[in-house]
Amino acid sequence: MEYKNTLNLPQTEFPIRANLAAVEEKMLGFWKAEDLYDQILEANIKNPRYILHDGPPYPNGDIHLGHALNKILKDIVVKYKGMQGFYSPFVPGWDCHGLPIETQLLKNLSDDDRNKFKEPGNKVEFRNRCKDYALKYVDIHRREFIRLGCFAEWDEPYLTLDPVYESKIAAVFGDLAEKGYVYRGLKPIHWCPHCETALAEAELEYEDEKSPSIYVKFEILTPSLRCAQGIPLSIFDGEGDKGGEVYFIIWTTTPWTLPSNVAIAIHPENDYVFAKVGEEVFVLAEGLLATVKEKLGWHSVEILKKVKGKELEGIICKHPFLDREVPVVLDTYVTLEQGSGCVHIAPGHGIEDYQVGLKYKLPIVMPIDAKGHFDQSVPDWLRGMYYDKSNKVITEKMHADGTLLKLEFMQHSYPHCWRCKKPVIFRATEQWFIAVDHKNMRQEALKSIQHTKWYPSWGENRITGMVETRPDWCISRQRSWGVPIPAFYCKACGKVHVTGIFNKAVVDVFAQEGSNAWFAKEAAEILPKGTKCECGGTEFKKETDILDVWFESGVSHAAVLETRDVLSWPADLYLEGSDQHRGWFQSSLLTAIGYKGRAPYDAILTHGFTVDDKGKKMSKSLGNVVDPQSVVKKYGADVLRLWVASTDFRNDMAASDKILKQVQDAYLKIRNTCRFLLSNLGDYTPGNRPGLTGQVSSNASVSFLLEIDRWILLRLNQLIEKVTNAYDVFEYHLVYHALYDFCVTDLSAYYLDMSKDRLYCDAKDSKSRLSAQYAINEILNSLVRLMAPILSFTAEDLYQCMKSEILNSKLETNSKSKINPEIQKGSVFLLGMPKANKEFLDEKLEAKWNHLLEVREEVYRVMEVLRAEKKIKSSVEGRVELYVQGNTKEVLNSVKEMLPMFFIVSQVTISDYEVAPEESIAGQKVANLKLIVRQADGLKCERCWMWQESVGSHKEHATLCTRCNEVVSASI
RNA sequence: GGGCCAAUAGCUCAGCUGGCUAGAGCGCACCCCUGAUAAGGGUGAGGUCGGAGGUUCGACUCCUCCUUGGCCCA
């Protein structure tokens, strides 16, 4: 007869081919049809909340790998928390305003349209186009995020362009203004003359640029009193106090800022020398004398005097080409790295210059207009000239006057506009600021940072350093696509109004109509009738600047957490790339400190950036970009998700096709292992245990299980502990390794391989087989839940298949989510995470099995020799003779019966170590062991393929061993 | 140029507060099975722990410098 038909071979509907692309699409449909996201929330509605607040990406183009990584990480957090029983809603958001969309749009316009949109009257139309553009990409992003398997409130995301959101922006702005954090001031800022806009630090790109490098002499007009007293030098004699041929030397790479020069700064503690060269005397830092000497080609230099910089304070020099007196001032930021140690100061064109200017009350000379041209305040030979062109004219003029000592060119890193890629300049303009030192905002922020939990811990250090040194926050931009700064100017007296009824009017109108109302309406239409300025004025002008988009996203805690019922303030977690220490974490922190007095988050988790397999950043030019859409197409979203989980995201994360291929291999191994588990449960009723009929609801005792099954459940419960702990601290790469190693080693290589014989060959209802199925059922139920936050599609696919194959299962679930598994509409995400069952955590059993597995290694090593000699093929053809003593003897004897199964051989004998024959081989790792592996005695049983001496002794079934004979006889 | 971070086998990761010949899985090589089969099993070869100094009886682990890479800033 065909004995194969009497075996209990694995059987399952679950296909061996993953075919993820199709399965995932199907599953997305299923989740949507089930409203699974809502179901999960509903299930946990009475439980504690866990709020992960989404940082809004910018909707432009398709999502890239970084976006995918970020959202998948968030999704893992949210799904895990949900499965742990937390009420964990996730409201995704997009940062819709800002320069990129504006410039993108302008780029695609005809010249006529572009000019049309420069007219203030057409702003609303232009903004509507921006809105359409933003919404289009929000849709694309959303579709792509959904495809990754991320669960979220996709139908109602938050958008910074929503009226409610915009209204809240205005409200928070008003609140901060009310508290005095907001001020207006003239300040040099990065300015792009091409885009005619102020740029934030984040909007700058540093690239090499060729610039002139010039040395200029400033003639001393009047040595200061102190200087004259302290240094009654011959150099100041002769023409009396009129000075004479004595000059300061300054060095600069921006000749065009010289018309704005109002001072020369030197370091108070550095030594400065009076160097006589020919008939002239030059003042410069001693530390740079050698450099300057070489640069200027001085042959002989005579040092007339050396003084500390502070002694030179107050000397008045003459501007090289303007009728202006220029004082010498002190500042410690002056360095000896380059130049002459004497720094040309133009407070309108440099941030340090500006600060020195504040200290010395220097005027802010600012003759450059918004387009980068000189205005009327400069001599006629400069008027109207583009700043960059003036470099040549100015140096030529100074050359002609003899004030230019040296002109050369140099390459150096220079800021460029992130959009137009053109060089930017520092230019003083009227701007709106948040005063970060007002009411101790900075100190409060630092305090809040200490109270926040940072993952990884160095994040605290990093953001602390940034907050400690950051300057005031410039929040105004001269653009169209954003939320206007809600400020009114009294036409009569010029006073600015940003609080009280002025703010409330804006907040209301934004909430009703969105911020377009600001551009569509006159001030009088926005403000309540009869609104008056203190001066009595009743007519107001609207501010034309808009807010920095960082301010918009920075108030998301207020605009989203406070306005959505499902959410709450503060969030439990913010999770973004490590660049956000300077970006969103900080803008959110500062606005929240001003608004509510504390950080809007309890914990921050940051991830690194995606790089290629050589550790280089991904860029189009390097051609090493990994595109998530292609990955999803080629491998499936679950493989991408597994990649996210497999890499320690606190560092950079390497991705390449080679790496993804490896992740796919791992994925397939996990999937296949689960499939095999599933295929052995086809005829199993969950809850059934050996020796008992019917179902039991709990395993009050594990003694009914075979030792090997107790061991694998021990390993399973260790896995559950390990995985749970790793999930809790967001270390998903440990989850991945633990799950994977469990599948590869514990299950595939050990347990399942060892269990095949009893699963296939023992009687269907035998104790040994039921024991295995009990364990396998436990394992599969745990695995699908452990993997679900990461391998969401596959876990769900498996679970759905289990449901159809194993109905009525009684699953042990986390008490927080009591799910009735009999519900047909269930999802793996509605089950709790498994909890480790301490009953199985038997340390003695573990130690014993570790020892046994070492013996197994010895056996297989020796068996390999036999195989090489072609004496046996598979291990079942083998007979293992063990010669043991001591501890090893004890352990092996205690499990004597199961050793054939354990080694997957036909026969095992145990003898005393002393009687080991000559040809036996000593264990390498196990000391008390010698062994021999030879061909098994007897014949091969046709049914179970084991070699037994009993084969041939049964009349009915002459080709069967005793065990198989019994099984087959009983079943017929 | 400054701040923060990282660097362990081809790949992804372990290696706690310094202590036995540095571990795992994958990949690779060779072999076996064909009752997990577009699967499964076994054995084996792979590392001067980025480099150089230093502290220590002892350093992959601590310190300094350097190199490379990443983020942020100038």
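This is a predicted model, so every value here is computed, not measured.
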A.B. asks: Between B/rC33 and B/rA39, how far apart are the two C1' atoms, rounded to whole Å?
C.D. replies: 11 Å
A.B. asks: For B/rA36, which nucleotide in any strand shown is its Watson-Crick or wobble partner with both distances under 3.5 Å?
C.D. replies: none
A.B. asks: Would you say A/T647 places a side-chain N or O within less than 4.0 Å of OP1 or OP2 belonging to B/rC13?
C.D. replies: yes
A.B. asks: If pairing requires Watson-Crick or G-U wobble contacts with both distances under 3.5 Å, which nucleotide is the partner of B/rU55?
C.D. replies: none
A.B. asks: Please check if the side chain of A/Q580 supplies one atom and the backbone of A/W584 the other of a donor-acceptor pair under 3.5 Å.
C.D. replies: yes
A.B. asks: For atom C1', what is the distance between B/rG19 and B/rC60, given to the nearest Å?
C.D. replies: 13 Å
A.B. asks: Would you measure the distance from the P atom in B/rC5 across to the matching atom in B/rC63 and give it in whole Å?
C.D. replies: 11 Å
A.B. asks: Judged by modelled atom types alone, do A/E209 and A/H416 share a side-chain donor-acceptor pair under 3.5 Å?
C.D. replies: yes
A.B. asks: In whole angstrom, what separates A/K925's NZ from B/rC20's C1'?
C.D. replies: 15 Å
A.B. asks: Which letter, B, S or -, goes with each nucleotide of nucleotides 60-72 of chain B from 5' to 3', with contact meaning a protein heavy atom under 4.0 Å?
C.D. replies: ---------SSBS
A.B. asks: If I pick the C1' atom on B/rC28 and the same atom on B/rG47, what distance separates them, to the nearest angstrom?
C.D. replies: 16 Å
A.B. asks: Mind calculating the distance between CD1 (A/I463) and P (B/rC73) to the nearest angstrom?
C.D. replies: 13 Å
A.B. asks: Using both distances under 3.5 Å as the test, list the Watson-Crick or G-U wobble partner of B/rC49, or none.
C.D. replies: none
A.B. asks: For A/E854 and B/rG23, give me the distance from atom CD to atom C1', rounded to whole Å.
C.D. replies: 14 Å
A.B. asks: Give the rounded distance in Å between these two atoms: NE2 of A/H581 and P of B/rC4.
C.D. replies: 13 Å
A.B. asks: Please give the distance between the C1' atoms of B/rG50 and B/rU68 as a whole number of Å.
C.D. replies: 8 Å
A.B. asks: Rounded to whole angstrom units, what separation is found between the CG atom of A/D665 and the C1' atom of B/rG27?
C.D. replies: 8 Å
A.B. asks: Please determine if A/D472 and A/R442 form a salt bridge, counting it only when a charged side-chain N lies under 4.0 Å from a carboxylate O.
C.D. replies: no
A.B. asks: Could you check how far CG of A/L853 sits from C1' of B/rG23, rounded to whole Å?
C.D. replies: 16 Å
A.B. asks: If you measure from the C1' atom in B/rC57 to the same atom in B/rU43, how many Å do you get, rounded?
C.D. replies: 40 Å
A.B. asks: Between P on B/rG3 and CD on A/E460, what's the gap in Å once rounded to a whole number?
C.D. replies: 19 Å
A.B. asks: What's the CG-P distance between A/L734 and B/rC16, to the nearest Å?
C.D. replies: 13 Å
A.B. asks: What is the base-pairing partner of B/rU21, counting Watson-Crick and G-U wobble geometry with both distances under 3.5 Å?
C.D. replies: none
A.B. asks: Could you tell me whether a side-chain N or O of A/Y635 sits under 3.5 Å from a main-chain N or O of A/V663, the two making a donor and an acceptor?
C.D. replies: no
A.B. asks: Indicate, with yes or no, if the rings of A/F902 and A/W849 have centres closer together than 6.0 Å.
C.D. replies: yes
A.B. asks: Taking a pair as Watson-Crick or G-U wobble with both distances under 3.5 Å, which nucleotide is matched to B/rU43?
C.D. replies: B/rA29
A.B. asks: With a 4.0 Å cut-off on heavy atoms, is A/H737 in touch with a base, just the backbone sugar-phosphate, or nothing at all?
C.D. replies: base
A.B. asks: Less than 4.0 angstrom between a side-chain N/O of A/H733 and OP1 or OP2 of B/rA14, yes or no?
C.D. replies: yes
A.B. asks: Looking at CG of A/L642 and CD of A/Q662, how far apart are the two atoms once the value is rounded to the nearest 0.5 Å?
C.D. replies: 10.5 Å
A.B. asks: Ignoring hydrogens, what is the shortest heavy-atom contact between A/D762 and A/N8? Give both atom names and the distance.
C.D. replies: O-ND2, 2.9 Å
A.B. asks: For B/rG46, does the O4'-C1'-N9-C4 (purine) or O4'-C1'-N1-C2 (pyrimidine) torsion place it in syn, i.e. within 90° of 0, or in anti?
C.D. replies: syn
A.B. asks: Mind checking the C1' distance from B/rU21 to B/rC11? Whole angstroms is fine.
C.D. replies: 25 Å
A.B. asks: For A/F676, does its backbone N or O pair with a side-chain atom of A/N680 as donor and acceptor, under 3.5 Å?
C.D. replies: yes
A.B. asks: Hey, which sits more toward the 5' end of RNA chain B by its nearest nucleotide, A/D613 or A/Y740?
C.D. replies: A/D613
A.B. asks: With a 3.5 angstrom cut-off on both distances, give the Watson-Crick or G-U wobble partner of B/rC71, or none if there isn't one.
C.D. replies: B/rG3
A.B. asks: Establish, yes or no, whether a centroid distance under 6.0 Å links the rings of A/H349 and A/Y354.
C.D. replies: no
A.B. asks: Sort and list the pairs that fulfil salt bridge (Lys or Arg N to Asp or Glu O under 4.0 Å) and have at least one residue in residues 732-755 of chain A, not counting sequence neighbours.
C.D. replies: A/R715-A/D746, A/D753-A/K756
A.B. asks: At under 4.0 Å between heavy atoms, which parts of nucleotides 32-43 of chain B does protein reach? Answer with one letter per nucleotide, 5' to 3': B base, S sugar-phosphate only, - none.
C.D. replies: SSSBBSBSSSBS
A.B. asks: Give me the distance, rounded to whole Å, that separates B/rC62 from B/rG3 when you measure between the C1' atoms they each carry.
C.D. replies: 23 Å
A.B. asks: Can you tell me if A/Q586 and A/R470 form a side-chain donor-acceptor pair at under 3.5 Å?
C.D. replies: yes
